[in-house]
Amino acid sequence: MNKAIRRLWIASACVFVLLLGALTYIQFFESKTLMANQWNSRTLYDSYGSQRGSIVVGGTEIASSVPSNDGYDYQRVYSQPELYAGLTGYFSSIYGSSGLESAMNDELSGNGDEQFYDRIAQMFSGGKTTGATVELTIDPAIQQTAAELLDGHKGSIVAMNPKTGEILAMASSPSYDPNELSSHDNGAVIDAYSRLNSDPDNPLYNRAIAGNTYSPGSTFKIIDAVAALESGKYNADSVIDNPQELQLPNTTTKLPNYVNGQCSTRTQATIEWALAQSCNTPFAQIAMDLGQDKIAQTAKNFGYGEDLSIPLSVSPSVFPADMSQDQLALASIGQYDVKTTPLQVAMMSSAIANDGKQMKPNLVKSVKSRSLSSLYEFSPSELRTSTSADVASQVKDWMVNDVDNGIASGAAVNGVKVAGKTGTAEIGSTGSNNAWFTGFAPADDPQVAVAVVYEDVDAVTGASLTSPAGKALFEAVLNK
């Protein structure tokens, strides 16, 4: 009998120790993860019981918490909602949070590590926890310009300071109203989310950094040009064959040259001229000559394949591996399985603009507690050296020539030296394209680098939208 009791006692003690250990582990090691989980409704209800911090652009609140009389203490409200939805995201009692509402939740809810002493002070004073204010690097005038340029189209625009990495504009179209998802009317929220989530145009995506990534088209030729110069096998005087069709190795497929520029007027071309006219066949030959490893490494040097937080999570850009030569030829002109985000394309141009140094992009300018003490202030940070200053300078000159004498002439700004590159990525066999422009200005003292993409347009429409959008963005920044 005593033996049986002893075994039962030992078993009970073991269970107690295991339970105590599990509770201790959850309390001390998993609590922050569980609290941060967007599906943790208790956290959300607690958040509605305290004043969540504001998200601010240019001194104006674009997301704030106001008193509510409907069973919650506060209601989350978004001003200019569609202009900033891709950045703020939503804060919902049903669907959790997205965008900066999720990425900066600790700070906005007042639960950040840096806000510990504020929480202690509020506890002793009997006050409720108040979240911090998050101020963004976004320039409201540039953001408005970007949104107007995208109006009525699917696509995205990113503008950033190439010297610091500060993101000046990040627009995604179509957009949505996050107030619909942050309402306290659960039925209305469910209906709104169902409508938005089933919309084939995917308004809930922030196309600048996530969702369906894009083929970069001929903007990728900038990376080819860098790889060519770095290899030592090519220089500014190199001449490459420029056939109107290039037979791809071990296939019956012929790669056509670009037909809307002047590629058909020359059977040979320098890299500068081929870049300005966006000729396909010279760059395909360069890539096959240099090999997959060199092109892949150069793409990696500009950020392809990297997980990035700005603090929003950015989908990694992809340059495929294990390609045959014919596949490499297609990849070299930004087709095949090459995928990227507009932010990555803007970062590529920024590195060229900034003497080969790629700065870490960032959306957050500062975070301030309710007592206005600074919890975070933006400081420029170099992400990597993408290429040498000499190579960047040469490619910069070629991009300036593209605007002065090539097919990116629509981006020209009077009295300003502008660098640019267009791109066209075919979508299936329907004749539709994703049309691109990327570049920076002034080329001799860059203040802004941009990436513009319009989805599902024909070649003529794309050309009429992309470079002029670049011009409008440059003027919006330089005329401030």
Side-chain angles (χ1 to χ4, degrees), residues 31-33 35-38 43 46-47 50-65 74 76 78-79 84 86-91 97-123 127-140 142-143 158-170 206 208-210 303 306-314 343 346-347 350 354 357-384:
S31 58
K32 290 192 70 174
T33 301
M35 289 289 288
N37 190 309
Q38 64 172 332
T43 299
D46 287 346
S47 295
S50 59
Q51 188 170 10
R52 191 169 176 83
S54 298
I55 301 174
V56 173
V57 168
T60 299
E61 292 179 326
I62 62 171
S64 59
S65 292
Y74 291 95
R76 197 65 167 165
Y78 301 90
S79 64
Y84 294 108
L87 301 176
T88 62
Y90 54 79
F91 184 71
S97 58
S98 68
L100 287 167
E101 293 280 25
S102 176
M104 299 295 292
N105 181 64
D106 281 353
E107 292 81 1
L108 291 168
S109 64
N111 291 317
D113 292 340
E114 299 87 352
Q115 294 154 281
F116 174 75
Y117 292 107
D118 270 359
R119 292 196 296 274
I120 294 296
Q122 289 165 21
M123 181 179 68
K128 292 184 177 180
T129 300
T130 303
T133 296
V134 175
E135 183 181 9
L136 305 187
T137 60
I138 296 293
D139 183 307
I142 312 306
Q143 181 77 5
V158 174
M160 60 189 296
N161 185 330
K163 297 178 180 179
T164 66
E166 293 167 288
I167 296 172
L168 306 176
M170 180 175 282
N206 181 345
I209 58 171
E306 180 188 32
D307 290 313
L308 188 64
S309 170
I310 62 172
L312 299 178
S313 294
V314 181
L343 176 62
M347 290 169 62
S350 292
N354 196 40
K357 295 181 175 62
Q358 193 175 71
M359 305 302 288
K360 185 180 186 304
N362 192 42
L363 274 170
V364 177
K365 182 177 182 180
S366 69
V367 179
K368 291 183 170 62
S369 71
R370 89 181 174 94
S371 62
L372 299 183
S373 62
S374 178
L375 304 176
Y376 167 83
E377 293 288 341
F378 171 77
S379 179
S381 173
E382 185 177 328
L383 197 58
R384 63 175 61 83

Residues in salt bridge (Lys or Arg N to Asp or Glu O under 4.0 Å) contact with E306, at least two apart in sequence or another chain: R384
Any L375 side-chain heavy atom under 4.5 Å of E107 side chain: no
For the residue pair P140 and V57, what are the closest heavy atoms and their distance? CD-CG1, 3.8 Å
Please name the residue in the list L100, T88, V56 that meets the side-chain contact (heavy atoms from CB on, under 4.5 Å) test with L136. L100
Rounded distance (nearest 0.5 Å) linking atom OG of S98 with atom CG of N105: 11.5 Å
Please report the closest heavy-atom contact between Y78 and F91, naming both atoms and the distance. OH-N, 3.1 Å
As an exercise, state the distance from CE of M347 to CD of Q358, rounded to the nearest 0.5 Å. 4.0 Å
Between E101 and Y90 the two heavy atoms that sit nearest each other are CB-O, 3.6 Å
Tell me the closest heavy-atom pair linking P361 and M160, and the distance in Å. CB-CE, 3.9 Å
Please report the closest heavy-atom contact between P380 and M359, naming both atoms and the distance. CB-CE, 3.9 Å
Report yes or no: does S109 contribute a side-chain atom to a donor-acceptor pair with the main-chain N or O of D106 at less than 3.5 Å? yes
Atom pair CD1/CD1 of I62 and I138 - distance to nearest 0.5 Å: 8.0 Å
Can you see which heavy atom on A132 is nearest to which on L108, and at what distance? O-CD2, 3.7 Å
Euclidean distance, I310 CD1 relative to L87 CG, rounded to 0.5 Å: 8.0 Å
Considering residues at least two apart in sequence or located in another chain, which fulfil the side-chain contact (heavy atoms from CB on, under 4.5 Å) criterion with A103? P311, L312
List the atom pairs, with distances to 0.1 Å, where a side-chain N or O of residues 161-169 and a protein N or O form a donor-acceptor pair under 3.5 Å, not counting sequence neighbours.
residue	atom	partner	partner atom	Å
N161	OD1	K163	N	2.9
K163	NZ	D445	OD1	2.3
T164	OG1	E166	N	3.2
T164	OG1	E166	OE1	2.8

Rounded at 0.5 Å granularity, tell me how far CG in N206 sits from OG in S313. 11.0 Å
Without hydrogens or angle criteria, can the side chains of E135 and S366 be said to hold a donor-acceptor pair below 3.5 Å? yes
Interatomic spacing from CZ in R76 to OG in S97 - rounded to 0.5 Å: 10.5 Å
Tell me every residue that passes side-chain hydrogen bond (donor to acceptor under 3.5 Å, both in side chains) with Q143, counting only those two or more places apart in sequence or in another chain. none
Under the salt bridge (Lys or Arg N to Asp or Glu O under 4.0 Å) test, which residues partner E377, sequence neighbours left out? K368
Would a 4.5 Å heavy-atom cut-off, applied to side chains only, mark S350 and N354 as touching? no
Sorted by chain and number, sequence neighbours left out, side-chain hydrogen bond (donor to acceptor under 3.5 Å, both in side chains) with S64 holds for none
